[in-house]
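Structure, as structure tokens:
The model shown is predicted, which means the values in this text are computed figures rather than measured ones. Sequence lines set the chain letters: A, B, ... in the order given, protein chains first and strands last, and positions in each chain run from 1.
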2 protein chains.
Amino acid sequence: MATIKDVARAAGVAPSTVSYVLSGSRKISADTRTAVQAAVEELGYHPNAGARSLRSTRTDVLALALPLSGHGYLPVGGRFMYGLSEAAGRHGYLVLLVTPPGEDDRGAGLERAARGRFADAAVLMGVEMEDPRVAAMRSLDFPVALMGHPDDESAAPWCDLDWEESVVSSVRALREAGHRRMLYLATVEEDVGSGRTYSVRGIRGAERAAAESGVAVDVCHSSDDPVELYRRLDARFDSDAPPTALAVQHPPAIPGILRHLAARGIEVPRDVSLVAIGNFPEDLGGLDVTRIELPVEQMSAAATRLAVEAIARVGDPGPFDDGDGGRAPHTLIPPRLIRGATVAPAP
Amino acid sequence: MATIKDVARAAGVAPSTVSYVLSGSRKISADTRTAVQAAVEELGYHPNAGARSLRSTRTDVLALALPLSGHGYLPVGGRFMYGLSEAAGRHGYLVLLVTPPGEDDRGAGLERAARGRFADAAVLMGVEMEDPRVAAMRSLDFPVALMGHPDDESAAPWCDLDWEESVVSSVRALREAGHRRMLYLATVEEDVGSGRTYSVRGIRGAERAAAESGVAVDVCHSSDDPVELYRRLDARFDSDAPPTALAVQHPPAIPGILRHLAARGIEVPRDVSLVAIGNFPEDLGGLDVTRIELPVEQMSAAATRLAVEAIARVGDPGPFDDGDGGRAPHTLIPPRLIRGATVAPAP
DNA sequence: CTGAAAGCGCTTACAG
DNA sequence: CTGAAAGCGCTTACAG
């Protein structure tokens with residue numbers, strides 16, 4: 001494989017000159033630049049990543065810390081990985097996947113990536129309200145960007161869909177259609193239990209919406225086990241005051257829910273209205289659901305930008321002194337309700 | 001951040017001794033080893049990845065080349081990324097995502113990763129029958145493992161589900177239930193057009209199954225556009241001899257297909273039987289489909305193993321002289337038909 | 001405008 | 001069983 005020396009020899013210049021041409025950090029005469037570029041092209045030269053990072057302490061790599069997933073692979077993960085990789089590429093970065101190793105070993109893969117300088121910064125997925133990875137990375141002075149809105153807004157740069165407002169908006173839309181008894185189906189219990197930010201903030205939204213609008217919003221957790229999920233739904237629909245509308249923050253469960261309700265003779269939106277919030281599977285059976293979609297591309301772009309900016313700030317003094325009351329740089333994405341065909345006036 | 005010198009000083013040994021303890025490539029006295037391990041633990045030492053790779057030409061990183069996707073992100077991709085990352089971790093490797101840059105720039109991201117020594121080998125996703133990336137990597141002497149069964153079986157190590165046999169098995173199952181007129185719904189046209197191995201081999205399977213079993217197997221391509229897809233289905237179901245069974249190699253389309261057929265008064269499996277082949281969305285509306293599933297974990301593990309073995313072979317003579325008629329090492333996974341509730345006797 | 005030289009942090013023959 | 005030393009391929013002050 002060609003090295004910088006080979007390029008220098010071919011272009012008739014010093015290796016340092018080749019380096020300067022490539023980095024653009026020094027004025028170079030047009031002739032020299034042309035000769036170097038020709039040699040680079042000719043030899044198919046790409047700088048050795050290891051040598052470059054050893055010398056410059058920059059790797060041009062972002063680590064993507066996958067969720068500390070209780071229940072294996074999450075379908076939404078793929079889109080984020082892809083979106084991150086695309087966004088990172090536009091900033092000149094490659095993305096390194098870091099899988100959490102074992103249950104009792106939270107963040108060790110990430111720590112290896114940080115301490116071993118495999119990457120310049122980390123983007124954390126599946127962030128929890130008090131995520132232990134944040135403190136771990138901070139103690140290493142390793143830049144991070146969070147996909148999730150943590151409890152401590154000054155801990156690190158973060159971005160997220162405004163889940164609380166998303167649920168509030170959903171309830172409002174149902175209320176405006178005349179509904180007064182709603183069921184909010186939250187994320188699965190594991191997510192709530194581990195304090196995933198989207199879970200906790202979604203539930204907060206349901207509580208605030210109930211308080212503000214004066215309608216009844218029953219909170220029920222979803223389940224990956226269909227039998228258990230349908231049992232919970234049945235308990236509500238069998239009650240004296242069954243809900244007339246659903247706000248569901250677990251879109252993959254929707255096809256099954258619709259089938260189950262249909263088997264009970266309950267049709268959407270004739271008998272019950274539906275708003276869904278989150279990441280959607282490719283095909284919901286052609287159903288045009290009224291919904292708020294998780295803006296994966298937008299979040300990926302924001303997280304990448306926050307990470308790149310954090311890299312530039314390494315070594316800066318104190319916490320974020322940007323006059324935002326100590327909050328870290330962040331992007332809170334407002335919800336956008338897409339009106340589909342699953343909300344009808346209350347009976 | 002702690003370096004090997006810091007560890008050596010803390011343990012009272014030479015840096016080289018620390019290196020030998022960590023690599024295990026030399027006999028070390030128990031006392032020395034203990035002292036070094038304590039110092040490593042104490043300081044939270046992890047070797048600098050750049051320095052290590054510069055010296056040893058091993059990065060402990062596998063590049064994962066994402067599909068040259070005509071239609072953006074593919075849902076199946078996420079599972080493979082996750083599976084690869086887990087499998088790689090078990091071998092001590094991290095995974096670097098390499099997104100294809102532009103349409104006219106096929107493999108340039110991959111080339112940068114290879115020439116710049118960002119990784120020790122590459123796993124290629126979305127492999128095409130004659131994939132240009134294979135030749136590109138071979139000319140660089142860069143090890144690869146293919147997720148897909150290419151035309152030239154000697155080109156590089158590969159692994160895949162036996163798609164041809166999968167479709168043959170599906171047709172056989174339908175034939176045994178008495179069906180004589182089937183519709184095989186192939187992958188979307190873009191995949192066929194670009195020569196994705198699963199597309200091409202699936203269609204070959206349909207052709208072979210028809211020839212072998214003497215039943216009529218009409219081949220129709222799926223479409224990501226539901227309107228177009230339903231138009232194609234309608235054309236078949238409106239004909240004089242409509243199919244009594246479907247073999248579908250595009251599972252995400254199934255909920256929509258079922259809805260569309262139901263709207264025409266066609267019920268599965270009462271009026272038409274269904275076998276599906278490929279990667280399945282999380283929830284098909286609770287439907288228990290007779291199917292052959294893409295074994296994502298198994299393929300991820302196989303691809304990782306093939307890549308790691310290929311790294312060990314770098315610099316070896318000639319092509320693969322393992323007495324397999326010039327075929328490269330490979331794993332062809334036989335299909336496993338899971339009997340669900342969507343196949344009924346032919347009317 | 002360009003070059004010679006130091007050194008980043010490792011690994012691995014070489015030596016004892 | 002252990003250490004001293006060379007050198008991987010870059011980048012970046014230092015010098016002219």
Side-chain angles (χ1 to χ4, degrees), chain A residues 1-37 39-40 43-61 92 112-120 314-315, chain B residues 1-37 39-40 43-61 92 112-120 314-315:
Chain A
M1 204 115 318
T3 73
I4 199 171
K5 279 181 165 176
D6 299 321
V7 176
R9 199 175 310 121
V13 297
S16 55
T17 300
V18 175
S19 178
Y20 284 119
V21 169
L22 260 41
S23 71
S25 67
R26 186 193 249 187
K27 278 238 159 93
I28 300 283
S29 73
D31 283 3
T32 304
R33 189 169 51 245
T34 309
V36 168
Q37 282 161 347
V40 165
L43 298 172
Y45 171 72
H46 286 261
N48 179 294
R52 182 199 261 264
S53 85
L54 175 56
R55 186 53 234 236
S56 67
T57 69
R58 294 185 88 275
T59 61
D60 293 345
V61 170
R112 176 182 169 219
R115 294 195 109 115
R117 293 267 147 219
F118 279 87
D120 298 326
V314 175
Chain B
M1 203 114 322
T3 71
I4 199 170
K5 280 182 166 175
D6 299 320
V7 176
R9 200 176 309 121
V13 298
S16 56
T17 301
V18 176
S19 177
Y20 284 119
V21 169
L22 261 41
S23 72
S25 65
R26 187 192 251 188
K27 278 235 158 94
I28 300 283
S29 74
D31 283 4
T32 305
R33 191 170 49 243
T34 310
V36 168
Q37 282 162 348
V40 165
L43 298 172
Y45 171 71
H46 286 260
N48 181 293
R52 183 198 260 264
S53 86
L54 175 57
R55 183 54 234 233
S56 68
T57 68
R58 295 186 88 274
T59 61
D60 294 343
V61 170
R112 176 182 169 217
R115 296 195 107 116
R117 291 270 146 214
F118 279 87
D120 297 327
V314 175

Rounded to the nearest 0.5 Å, the CG atom of B/Asp60 sits from the CZ atom of A/Arg112 at a distance of 6.0 Å
Closest non-hydrogen atom pair between B/Asp6 and B/Met1, with its separation: OD2-O, 4.1 Å
Pick base, sugar-phosphate or nothing for B/Ala14, based on heavy-atom distances below 4.0 Å to the nucleic acid. sugar-phosphate
In whole angstrom, give the distance that lies between atom CZ of A/Arg58 and atom P of D/dT12. 10 Å
Quick check against the 3.5 Å criterion: does B/Arg115 have a side-chain atom that pairs as donor or acceptor with the backbone of A/Gly44? yes
In whole angstroms, the gap separating P of D/dG9 from NZ of A/Lys5 amounts to 8 Å
Closest heavy-atom pair and its distance - B/Ala39, B/Ala11: CB-CB, 4.0 Å
B/Thr59 (side chain) donor-acceptor with B/Asp120 (main chain) under 3.5 angstrom: yes
What is the separation between atom CE on A/Met1 and atom P on D/dC8, rounded to the nearest whole Å? 16 Å
Distance (rounded to the nearest 0.5 Å) between A/Leu54 CG and A/Arg117 CZ: 12.0 Å
In Å and rounded to the nearest 0.5 Å, what is the CD1 to OG1 distance from A/Ile4 to A/Thr17? 9.0 Å
Whole-Å distance between D/dG9 C1' and A/His46 NE2? 16 Å
Straight-line distance of A/Leu22 CG to A/Arg52 CZ, nearest 0.5 Å: 7.5 Å
Whole-Å distance separating the CG atom of B/Asp6 from the C1' atom of C/dG9: 11 Å
A correct dot-bracket answer for DNA chain C, with pairs being Watson-Crick or G-U at under 3.5 Å, [ ] for crossing pairs and | for inter-strand pairs, is |||.||||||||.|||
Mind listing the closest non-hydrogen atom pair of A/Ala2 and A/Tyr45 along with its distance? O-CD1, 3.5 Å
Using a strict heavy-atom distance below 4.0 Å, which residues from residues 24-33 of chain A are in contact with DNA chain C? A/Arg26, A/Lys27, A/Ile28, A/Ser29, A/Thr32
Counting side-chain heavy atoms from CB outward, which of D/dT12, C/dT11, C/dC8 is closest to A/Leu54? C/dC8
Using atom CZ of A/Arg52 as one end and atom P of C/dG9 as the other, report the distance to the nearest whole Å. 18 Å
Calculate the interatomic distance between A/Asn48 atom CG and C/dC8 atom P; express it in whole Å. 18 Å
Check the interface with nucleotides 5-7 of chain C: list each N/O to N/O pair with the protein under 3.5 Å, or write none.
unit_1 : atom_1 : unit_2  : atom_2 : d
C/dG7  : N2     : A/Arg55 : NH1    : 3.1
C/dG7  : N3     : A/Arg55 : NH1    : 3.4

Do A/Tyr20 side-chain and D/dA13 base share a donor-acceptor contact under 3.5 Å? yes
Here the gap from B/Arg9 atom CZ to B/Thr3 atom OG1, rounded to the nearest 0.5 Å, amounts to 7.0 Å
Measuring from A/Ser16:OG to A/Arg26:CZ, what's the distance to the nearest 0.5 Å? 6.5 Å
Find the distance A/Arg117:CZ to C/dC10:C1' and express it as a whole number of Å. 16 Å
Within the 4.0 Å heavy-atom criterion, would you say A/Ser19 contacts the bases, only the backbone, or no part of the nucleic acid? base
